[in-house]
Amino acid sequence: MPNSDALADSLGPASSHGRAHPLSARGASSSRLSARDATIEASSPVPTSSGVRPSASPSALLRELSRGWTFSDQHLALLVSAALFVVGAWPLALTEVPPYQDLPNHLAAVTVIENPGRYPEFVFNGFFKTNAALFAWLFVVGKVVGTKLAARLFALMVLAANAVVLPRFVLALTGSRKRMLIASMFMWPMVHNWFVSMGMLDFALSVPLSLGLLLAIDRHRRSPTLLDAGLVTALGAATWYAHVFPLLVVFMLVFIEGARAPSWRERFSSLKAMTLPLLPVAALVAISLVDHMRDNVGPMSAFVHHHKMVPPWELAYNLWAEWFWGFTKLSITSIVPCLLLAFYGFSRRYKSSDAEAAPAFFSTAAIVALLVLFCLAPYRITNWYHVNSRLIPYIWVALLLRVPDQLPKRVLAVLGISAVLYSAGMGADFIRLERDREQFTAGVTAVPEGAKLLPLVFRHKGVSDNTRTLLHAWGFYVTDKYTSAPLLFAHSRSFPVMYSTPPPARFNDLVLENFAATMITSANFCESTRVVTDDCTAEYRARWAEFWRDAIPRYDHVLLWEPSQEALELVPPDYGITFRQDGLVIMQRGAGRNAPVSASSFDPR
């Protein structure tokens, strides 16, 4: 049995190179057996009448099952990746389109790119830019399988990248298969993480790519070759194409890692080996940052200047909600690995006297730097949203590298049960969110092709608690009926599509997307805006009147999702209802107030 001990040994320490333990030294292996391991197998010639029973120990069973093949570290990592992928990806089989917040906007952008004659108000910026991987994929693959299926395939690719990279990253930097197995018990919410649920799929893809880049940099530092240098450059370029932000994190971690060397000579040598292959990538990063800084506050952004900091308690909440949590409370069990990983990760300390050094790139100094930046960076600045939240994945990856080699059985059981409940909850959420999408798009048949449609979404979340899944659901009217797209992401050079000329400020996507939610009732308007007036209700009506005065000549159809009765009554008589169902109202200019409606189960609030 040349390989009979392989699977049993997979739960033991890995070699320093992360490979399977050699099995040829049979004598050495035998000398380590204790008396309790010396059992007689079923194939023993000892008669059963002697009272000796065949061994039924788990280790003997594992050896028997693994007879004839080697269970290496990579085999084990593959099994872990497969399990993680199944837990996170199976709900995608339940819906036509994943219920991701920003995804319908991106699908609409591809429709605009493919039909420039229908959308002269936009210009195409090209695909050679950061944050363009999803758009290029939808444009190319969508021509073969359709954009909706292409979106599902891209989402599956992102989940697969997370499932494959995360366990291998822990295995490579710790050299311990035991720690990889323990860490995998915390990884399952990280595969279908919050950035995936938000539809920020380019950034979600760039995170595992950046982790793979760190592994390539570490390998090149230890044994520089032209092939490895080329791999570093290629992975860096791929990461940049998905999203530039993780590369900024990689650069920071590389410089901190280089500074850990004991002497200046070693620091210089280490930094030289790590940074030289990154120079072409650094040039791409510089170009992207310059382009982003050129997006000054002005007509293209409706003179909107966002700058938001969040308080400490919200930062702590975001560490869970904007990485582990999915859509609704049905995935609330994701808080279990969050709390346990924080406990085990922060309780581990590395000292200079330790035989085991801190993991590469994620030393204590690196974790402190990540946490300080997370606390001090803005949550929103100009047209970048969730800025400091983009550091969250790297904080949790650092803690994955610090899990112990073993956990109490009860803790493992709690984590396993939480994973099952989380996965089932995500599946249920996909079904519920698909119903929301079907209700929102029920009026597609009532809108003619090429209509100038103004979407006013008064409530953004639907059944979701942690994302605004209906904020961009109007995009399906663009993909199905080529309607206008006033809420398209088009205010920045960083998008593949941009306004050809700036629209009026009130119809800029940065202003329009939250207008209806703010104006849902006069009470909400008076509470959420700084209005200095003796009669706030009169001011509310005046704002609506100004809005409709500018909207009537521009839009021949209006989509209202869950409007209040107060807001609905302020729609001018120029528009008449042509469709009403559940929370959806479709209105057409010139239809008249008494136009027939369908399925009037809508109860305006």
Side-chain angles (χ1 to χ4, degrees), residues 80-104 106-107 134 137-138 141 145-167 184-205 207-208 320-338 393 415-441 461-473 475-476:
V80 171
S81 296
L84 291 172
F85 180 76
V86 170
V87 169
W90 77 268
L92 269 74
L94 303 176
T95 60
E96 181 185 14
V97 183
Y100 301 155
Q101 176 179 305
D102 292 349
L103 182 57
H106 301 328
L107 295 174
L134 173 62
W137 173 277
L138 294 175
V141 179
V145 300
T147 54
K148 291 180 179 178
L149 179 55
R152 292 174 68 190
L153 294 175
F154 192 91
L156 288 171
M157 181 170 63
V158 172
L159 302 185
N162 283 323
V164 169
V165 171
L166 285 172
S184 68
M185 298 300 296
F186 301 93
M187 290 177 187
W188 41 268
M190 304 181 187
V191 174
H192 194 294
N193 56 69
W194 178 78
F195 291 101
V196 177
S197 301
M198 283 289 290
M200 301 167 64
L201 295 176
D202 276 326
F203 178 79
L205 177 63
V207 171
W320 165 63
E322 299 196 356
W323 180 240
F324 289 88
W325 197 15
F327 301 103
T328 76
K329 295 179 179 63
L330 293 181
S331 58
I332 199 75
T333 56
S334 61
I335 199 170
V336 174
C338 174
L415 287 168
I417 293 171
S418 299
V420 173
L421 294 175
Y422 164 87
S423 185
M426 288 291 284
D429 279 343
F430 266 65
I431 295 173
R432 298 164 68 205
L433 294 169
E434 176 67 8
R435 292 196 192 110
D436 279 352
R437 187 185 77 87
E438 290 173 351
Q439 291 176 358
F440 194 101
T441 59
K461 288 190 171 183
V463 300
S464 180
D465 298 310
N466 201 33
T467 63
R468 298 186 291 172
T469 53
L470 295 178
L471 176 61
H472 300 294
F476 295 112

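Please read all numbers here as calculations on a predicted model, not as lab measurements.
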Next item on the list: Give a yes or no answer on whether the side chain of Thr469 reaches the backbone of Lys461 with a donor-acceptor pair at less than 3.5 Å.
Entry: yes

Notebook entry, point to check: Are any non-hydrogen side-chain atoms of Leu159 and Leu92 less than 4.5 angstrom apart?
Noted result: yes

Margin query: Quick one, Phe154 and Asp202 - any side-chain contact, counting heavy atoms below 4.5 Å?
Written below: yes

Note to self: Among residues at least two apart in sequence or on other chains, which ones pass ring-ring contact (aromatic ring centres under 6.0 Å, His included) with Phe430?
What the structure shows: His192, Phe327

Item checked: Non-hydrogen side-chain atoms of Asp102 and His472 separated by less than 4.5 Å -> yes

Item checked: Leu107 vs Phe476, side-chain contact (heavy atoms from CB on, under 4.5 Å): CA-CA, chis, key distance, verdict -> CA-CA 8 Å; Leu107 295 174; Phe476 295 112; 4.0 Å; yes

Item checked: Min side-chain heavy-atom separation Leu433-Arg437 under 4.5 Å -> no

Margin query: Counting C-beta onward and ignoring hydrogens, is there a side-chain heavy-atom pair between Arg432 and Leu330 closer than 4.5 Å?
Written below: yes

Notebook entry, point to check: Can you list the residues that meet the ring-ring contact (aromatic ring centres under 6.0 Å, His included) rule with Phe203, with sequence neighbours excluded?
Noted result: Phe195, His243

Check: Excluding sequence neighbours, so at least two apart, what forms side-chain contact (heavy atoms from CB on, under 4.5 Å) with Ala419?
Finding: Trp188

Margin query: Between Val196 and Leu201, is there a side-chain heavy-atom distance shorter than 4.5 Å?
Written below: yes

Checklist line | Listed partners of Met198 passing side-chain contact (heavy atoms from CB on, under 4.5 Å), at least two apart | finding: Gln101, Trp194, Met200, His386, Thr467

Note to self: Taking Gly326's backbone N and O only, do any of them form a donor-acceptor pair with Asn466's side chain (distance below 3.5 Å, no angle check)?
What the structure shows: yes

Check: Does Ile417 have any side-chain contact (heavy atoms from CB on, under 4.5 Å) partners at least two apart in sequence or in another chain, and if so, which?
Finding: Leu421

Next item on the list: Check the pair Asp465, Thr328 against side-chain hydrogen bond (donor to acceptor under 3.5 Å, both in side chains), reporting the backbone distance first and the verdict last.
Entry: CA-CA 5 Å; Asp465 298 310; Thr328 76; 4.7 Å; no

Note to self: Show the nearest heavy-atom pair for residues Ser423 and Pro91, with the distance to one decimal.
What the structure shows: O-CG, 4.5 Å

Note to self: Are the side chains of Trp325 and Ile335 in contact, using a 4.5 Å heavy-atom criterion?
What the structure shows: no

Next item on the list: Evaluate the side-chain proximity of Phe85 to Leu156: yes if any heavy-atom separation is below 4.5 Å, no if none is.
Entry: yes

Checklist line | Main-chain N/O of Tyr100 paired to Ser197 side chain as donor or acceptor, under 3.5 Å | finding: no

Checklist line | side chain to side chain donor-acceptor pair (under 3.5 Å) partners for Glu322, two or more places apart | finding: Tyr379, Ser389

Note to self: Please check: side-chain N/O of Asp436 versus main-chain N/O of Val463, any donor-acceptor pairing under 3.5 Å?
What the structure shows: yes

